[in-house]
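Presented below is the structure to which this report refers.
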Amino acid sequence: MKVYKVAVLPGDGIGPDVMKEALKVLKTLSEIDSTFTYETTEFNWNTDHYVKHGLMMPENGLEQLEEFDSILFGAVGDSRVPEHIPIWELIMPIRKNFQQYINFRPIKLLKGLETRLKQERDIDFVIIRENAEGEYSTAGGKMYQGESRELAVQNTIMTREGISRVAAYAFQYAKEHQLRKVTNATKSNAIIHTMKLWDKVVEEIANDFEAISYEKYYVDAIAALFVESPENFQLVLASNLFGDILSDLGSAIAGGLGVAPSANINPNGEFPSMFEPVHGSAPDIAGKGVANPIAQIWSLALMLQNFGRSDLHDKVLFSIEDVLEEKKTLTPDMGGKATTGQVGDAIVNKLKKRM
Ligand code: NAI
Ligand code: MG
């Protein structure tokens with residue numbers, strides 16, 4: 001029987017708190033389902049590590065991670081270190097070197113949750129964001145620092161290969177999940193080189209999937225539509241920057257950061273994929289024991305789905321919904337008084353009843 005090897009990186013702030021709850025859920029799954037076995041290895045690569053060693057991870061960090069089936073990540077960031085350091089020395093190297101070129105974010109209003117929009121809405125779509133190139137590149141430079149002629153140049157990198165693989169993944173996903181429509185988030189009216197290439201390649205792929213309808217909207221219009229008519233979306237395909245912004249907006253209409261999960265996927269399986277909540281290390285509530293663990297636990301569910309265990313994914317998600325619908329055990333961000341650990345325990349109990 002396959003033993004899934006999971007690298008666990010709790011990170012900083014609330015990362016370790018919410019990770020503890022996700023690991024409770026993972027342990028429960030293996031206890032009640034004899035066909036699911038796993039082992040975890042924990043890596044304390046975080047701001048403490050940086051303060052001690054001057055590095056977010058050891059020099060051979062990526063080699064150490066390569067042998068795992070997947071990476072479960074908490075969150076990083078701590079005021080002792082400039083914000084770009086954990087991002088560019090830990091998260092980005094993993095995403096880019098492991099070719100996790102798909103960032104997958106479900107925007108789904110779970111049962112028991114209320115949207116912050118005025119009217120009740122049926123919100124259930126996914127954002128597929130390009131995750132390895134685009135606007136988030138280190139190509140560029142700066143000159144004349146501190147002078148009145150000071151300048152900075154930051155280049156966007158769009159490649160035919162990079163665009164076609166994310167677009168193909170999106171249309172294939174739509175096909176496999178019986179979605180009828182893919183919406184391309186673009187801005188090719190103003191960004192005339194890179195976004196025009198993006199549109200051209202996306203449209204070539206769209207032509208290969210005749211059964212799925214294709215539409216193109218400017219990203220600013222999509223932002224408005226997320227608020228006005230989110231029920232019209234099924235799958236939104238976006239570049240790295242646009243997808244980043246749209247997914248925080250998406251999480252805000254569907255319950256907030258405390259419940260927003262994400263997956264960084266290497267579809268070929270040649271490197272591990274990484275599963276992490278959308279939120280950061282939340283220094284304002286770190287150490288208080290009140291962080292909502294649902295985003296981390298849902299991210300774990302996405303990992304199970306990636307292992308081909310959609311059955312376990314669904315059980316975890318239904319158990320989260322059971323707790324939300326009951327409204328008895330909720331953290332303060334959802335209007336409750338429960339601790340992180342109590343919410344984790346409540347989800348574990350629901351899971352045991354479902355198995
Ligand atoms: P944040 O997501 O950590 O917090 C934003 C707000 O949401 C805060 O008020 C926080 O208390 C609340 N919040 C976040 N997660 C929550 C949860 N699970 N339960 C209840 N409330 C929650 O974003 P912020 O404050 O902009 O950044 C804090 C640090 O995290 C920074 O160092 C930043 O660079 C880092 N960060 C790291 C990310 C990652 O590891 N992927 C992503 C975003 C930010
Ligand atoms: Mg973001």
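A quick note: this is a predicted structure, and the numbers were derived from the prediction, not measured. Read the numbers this way: they start at 1 and go in the same order the structure lists the ligands and their atoms. Along the sequence shown, the residues carry numbers beginning at 1.
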Side-chain donor or acceptor of S137 paired with backbone N/O of A139 under 3.5 Å: yes
Candidates A295, G77, P277, P332; heavy atom nearest atom 32 (O) of ligand 1 found on G77
With R309 via salt bridge (charged side-chain N to carboxylate O under 4.0 Å, His left out) - residues at least two apart: D33, D311
For ligand 1, note which part of N292 has a heavy atom under 4.0 Å away: side chain, backbone, both or neither. both
Any idea which part of V76 is under 4.0 Å from ligand 1, heavy-atom wise: side chain, backbone, both or neither? both
Taking 4.0 angstrom as the limit and counting only heavy atoms of A75, give me the atoms of ligand 1 inside it, by number and element. 40 (O)
Closer than 4.0 Å to some heavy atom of D333 - which atoms of ligand 1 meet that? 20 (C)
On the six-membered ring of Y101, is R165 placed so that its NZ or CZ lies under 6.0 angstrom from the centre and within 45° of the ring axis? yes
Between T340, I14, V81, I285, which one has a non-hydrogen atom sitting closest to atom 20 (C) of ligand 1? I285
Sole residue of F275, Y38, Y4 in ring pair (Phe, Tyr, Trp, His ring centres under 6.0 Å) with F307: Y4
Only heavy atoms of L257, strictly under 4.0 Å: list the atoms of ligand 1 that pass. 2 (O), 5 (C), 7 (O)
Specify side chain, backbone, both or neither for V290, according to which of its non-hydrogen atoms lie closer than 4.0 Å to ligand 1. neither
Enclosure of K27 NZ (heavy-atom neighbours >12, cutoff 6.0 Å): no
Going by heavy atoms in the side chains, are T183 and F125 under 4.5 Å from each other? no
F104 and Y173: aromatic ring centres closer than 6.0 Å? yes
Do F68 and F43 have ring centroids that are under 6.0 Å from one another? yes
Taking the side chain as C-beta and beyond, is there a heavy-atom pair between L302 and H313 under 4.5 Å? yes
At less than 4.0 angstrom from any non-hydrogen atom of D284, what atoms of ligand 1 do you find? 8 (C), 9 (O), 10 (C), 11 (O)
Taking atom CD of E67 as the centre, does the number of heavy atoms from other residues, nucleotides or ligands within less than 6.0 Å exceed 12? yes
Give a yes/no on ligand 1: does P283 have at least one heavy atom closer than 4.0 angstrom to it? yes
Below 4.0 Å from ligand 1: does a non-hydrogen atom of V18 turn up there or not? no
Just checking K200: does its NZ atom have more than 12 heavy atoms from other residues, nucleotides or ligands closer to it than 6.0 angstrom? no
Contact between T331 and ligand 1, counting heavy atoms under 4.0 Å? no
What atoms in ligand 1 come closer than 4.0 Å to a heavy atom of S281? 3 (O), 29 (C), 30 (O)
Nearest heavy atom to atom 13 (N) of ligand 1 wins, so pick from A291, P86, A282, G256. A282
Should you measure from each heavy atom of G280, which atoms of ligand 1 turn up under 4.0 Å away? 1 (P), 2 (O), 3 (O), 30 (O), 36 (N), 37 (C), 38 (C), 42 (C), 43 (C), 44 (C)
Give the atoms of ligand 1, by number and element, whose distance to some non-hydrogen atom of I91 is under 4.0 Å. 39 (C), 40 (O), 41 (N)
Ligand 1-proximal atoms of E276, by part, heavy-atom distance under 4.0 Å: side chain
